[in-house]
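Because only heavy atoms are used, hydrogens play no part in the values below, and waters and symmetry mates are left out as well, while side chains stay in.
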Amino acid sequence: MGNNLHSTVHSFPLFLLKGLLLATLAATPIAVIAATPPHAIEPPSWFRETFLDIREDVRDAAKEGRRLLVYFGQDGCPYCRELMHVSFGDKTLADKTQRHFSAVAVNVWGDREVTWIDGTTLSEKAFAARLKVQFTPTLLFFDEKGGVALRINGYYPPHRLHAALDYVAGKYESRITFAEFLKNHAREPASGKLHDQPFFLKPPLDLDRSRRPGTRPLAVLFEQKQCAACDELHQRGFASRGARALIGKFDVARLELFGSERLVTPQGKTLTAAQWGREMKIAYTPTLIFFDAKGTEAFRIEAYLRPFHLASSLDYVASGAYRNEPSFQRFIQGRAERIRAGGGRVDLW
């Protein structure tokens with residue numbers, strides 16, 4: 001997870017966002033895009049080639065006055081392509097990353113040896129599995145002592161990635177939550193409203209499953225009013241055929257991330273939406289958290305996702321596949337193969 005949903009329901013924000021997207025793409029040299037094979041997602045040349053001893057990489061970065069950034073990616077990943085070609089194709093963002101971070105890349109299916117902070121040695125794919133990397137790209141930002149200052153599970157669009165870099169480079173992790181920082185530093189044109197859906201549960205929300213198990217899995221959506229990705233989720237994600245075919249298998253609740261609405265959580269606590277959002281460590285909106293019949297978190301989406309991956313996430317939980325297949329990436333691959341084998345089309349982006 002970005003996964004990462006940008007257009008809006010209303011024409012005013014939509015044309016602004018299209019203009020922003022075109023400007024971003026214009027900043028990326030056409031030769032770079034055209035020369036890149038469709039399935040090879042290579043990091044920029046300024047990424048470091050190291051022995052992937054995370055302990056040494058942290059120390060070396062600190063000596064240079066930088067922090068370590070570890071990128072988890074895979075070939076054929078459209079979100080990795082966007083990160084490498086669009087985000088890091090933006091000179092301002094690329095310069096900021098190089099100035100404050102020492103960046104190294106890990107292939108989630110790779111076999112190179114990685115040494116973790118505790119000295120454990122693993123292959124890249126075993127390392128990614130140990131850290132429960134479910135989305136590509138995933139970014140881990142380390143502090144000078146080897147602690148994780150910030151983790152981003154999935155694709156962030158450039159303006160939110162700028163804010164993430166500022167948060168970690170400024171060492172804000174000990175002073176303010178990332179959610180609050182994003183709220184104040186990642187402004188974007190959007191509709192300025194929360195969109196309703198007929199499948200949303202009606203307030204007041206009693207989501208308690210600690211005393212009586214639910215009959216269906218629960219999906220809790222955290223949104224904000226000034227959120228272009230939330231607008232796109234409603235305009236494109238929930239409107240897609242794949243999502244429509246699966247959303248009816250869930251109880252779906254929607255909350256405003258910093259809202260004052262009171263609810264009963266799946267664990268039986270009475271909290272405001274803002275209190276629960278902090279407890280659940282929600283930063284990105286929209287974030288969709290899935291709970292099983294007993295109120296235990298099963299899976300979450302906390303970055304930008306296009307319709308196919310949104311539908312795949314719903315299918316992953318609704319089918320119960322998450323219980324037997326711990327890798328969401330493998331589930332996606334298998335699902336795409338089945339759709340293609342049946343004559344269907346898979347539009348990853």
Could you give the distance from [atom1] ([X]) to [atom2] ([Y]), rounded to the nearest 0.5 Å?
X    : Y    : atom1 : atom2 : result
I289 : L221 : CD1   : CG    : 10.0 Å
C227 : H195 : SG    : NE2   : 8.5 Å
L314 : I301 : CG    : CD1   : 6.5 Å
F222 : M280 : CZ    : CE    : 6.5 Å
R241 : R244 : CZ    : CZ    : 7.0 Å
N153 : R151 : CG    : CZ    : 4.5 Å

What are the two closest non-hydrogen atoms of [X] and [Y], and how far apart are they?
X    : Y    : value
E124 : V114 : CG-CG2, 3.9 Å
A273 : L263 : N-CD2, 3.8 Å
A163 : A186 : CB-CB, 4.2 Å
R112 : E49  : NH1-OE1, 4.2 Å
G277 : L257 : CA-CD1, 4.2 Å
S87  : L93  : O-CB, 3.7 Å

With no hydrogens and no angle check, is any side-chain donor or acceptor of [X] less than 3.5 Å from a backbone partner on [Y]?
X    : Y    : value
N107 : Q74  : no
Q226 : E188 : yes
N184 : E180 : yes

Which pairs, with at least one residue in [range] and sequence neighbours excluded, count as a salt bridge (charged side-chain N to carboxylate O under 4.0 Å, His left out)?
range            : answer
residues 215-227 : R216-D251, E223-R254
residues 126-145 : R67-E144, D118-R130, E144-K171
residues 307-334 : D315-R335
residues 267-277 : K269-E279

Any heavy-atom pair between the side chains of [Y] and [X] that's under 4.5 Å?
X    : Y    : result
I54  : L68  : yes
L182 : Y167 : no
L271 : V264 : no
R81  : L83  : no
D292 : P217 : no

Have [X] and [Y] got a donor and an acceptor in their side chains that come within less than 3.5 Å?
X    : Y    : result
Q329 : Q134 : no
H185 : D166 : no
S210 : Q267 : no
E113 : T121 : no
D57  : T50  : yes

Taking [Y] as the starting point, is it possible to reach [X] by hopping between hydrophobic residues whose side chains are less than 4.5 Å apart?
X    : Y    : answer
V148 : Y172 : no
F291 : L207 : yes
W276 : V252 : no
L205 : I282 : yes
L139 : L150 : yes

- Provide the full list of ring pair (Phe, Tyr, Trp, His ring centres under 6.0 Å) pairs with a residue in residues 330-349, sequence neighbours left out, each pair given once. Y79-W349, Y304-W349, Y316-F331

- Residue pairs, two or more places apart or on separate chains, that pass ring pair (Phe, Tyr, Trp, His ring centres under 6.0 Å) and touch residues 42-71: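 Those involving residues 42-71 are W46-F88.
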
Report the residues that fulfil ring-ring contact (aromatic ring centres under 6.0 Å, His included) with [X], sequence neighbours left out, ordered by chain and then residue number.
X    : value
F258 : none
W116 : F127, F142
F238 : F199, H234
Y322 : none

- Message: Applying salt bridge (charged side-chain N to carboxylate O under 4.0 Å, His left out) to D53 and R55, what does each step give before you reach the verdict?
- Response: CA-CA 5 Å; D53 185 328; R55 302 165 303 177; 2.9 Å; yes

- Item | salt bridge (Lys or Arg N to Asp or Glu O under 4.0 Å) partners of K183, counting only residues at least two apart | none

- How would you list, by chain and number, every residue that makes a salt bridge (Lys or Arg N to Asp or Glu O under 4.0 Å) with R340, sequence neighbours excluded?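 Residues passing salt bridge (Lys or Arg N to Asp or Glu O under 4.0 Å) with R340: none at all.
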
- Item | Heavy atoms of other groups near R175 CZ, more than 12 under 6.0 Å |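 More than 12 within 6.0 Å, yes.
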
- Query: Is the charged tip of R160 near the ring of Y284: under 6.0 Å from the six-membered ring centre and within 45° of its axis?
  - Reply: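 Positive - R160 is close enough to the ring of Y284 and near enough to its axis.
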
- Task: Determine, stepwise, if the pair T120 / T115 fulfils side chain to side chain contact (heavy atoms under 4.5 Å, CB included).
- Result: CA-CA 6 Å; T120 303; T115 303; over 6 Å; no

- Task: Take T138 and V108 through the test side chain to side chain contact (heavy atoms under 4.5 Å, CB included) and record every step on the way to the result.
- Result: CA-CA 10 Å; T138 285; V108 297; over 6 Å; no

- Is the distance between the ring centroids of F250 and F290 under 6.0 Å? yes

- Item | Candidate pair E64 and R48, rule salt bridge (charged side-chain N to carboxylate O under 4.0 Å, His left out), full reasoning | CA-CA 13 Å; E64 298 173 353; R48 306 289 180 91; 3.0 Å; yes

- Test log, rule side chain to side chain contact (heavy atoms under 4.5 Å, CB included), inputs V346 and L348: CA-CA 6 Å; V346 175; L348 295 178; 3.7 Å; yes

- Should L255 and E261 be marked as a side chain to side chain contact (heavy atoms under 4.5 Å, CB included) after you check the CA-CA gap, both sets of side-chain angles, and the distance that decides it? CA-CA 8 Å; L255 295 167; E261 175 186 350; 3.8 Å; yes

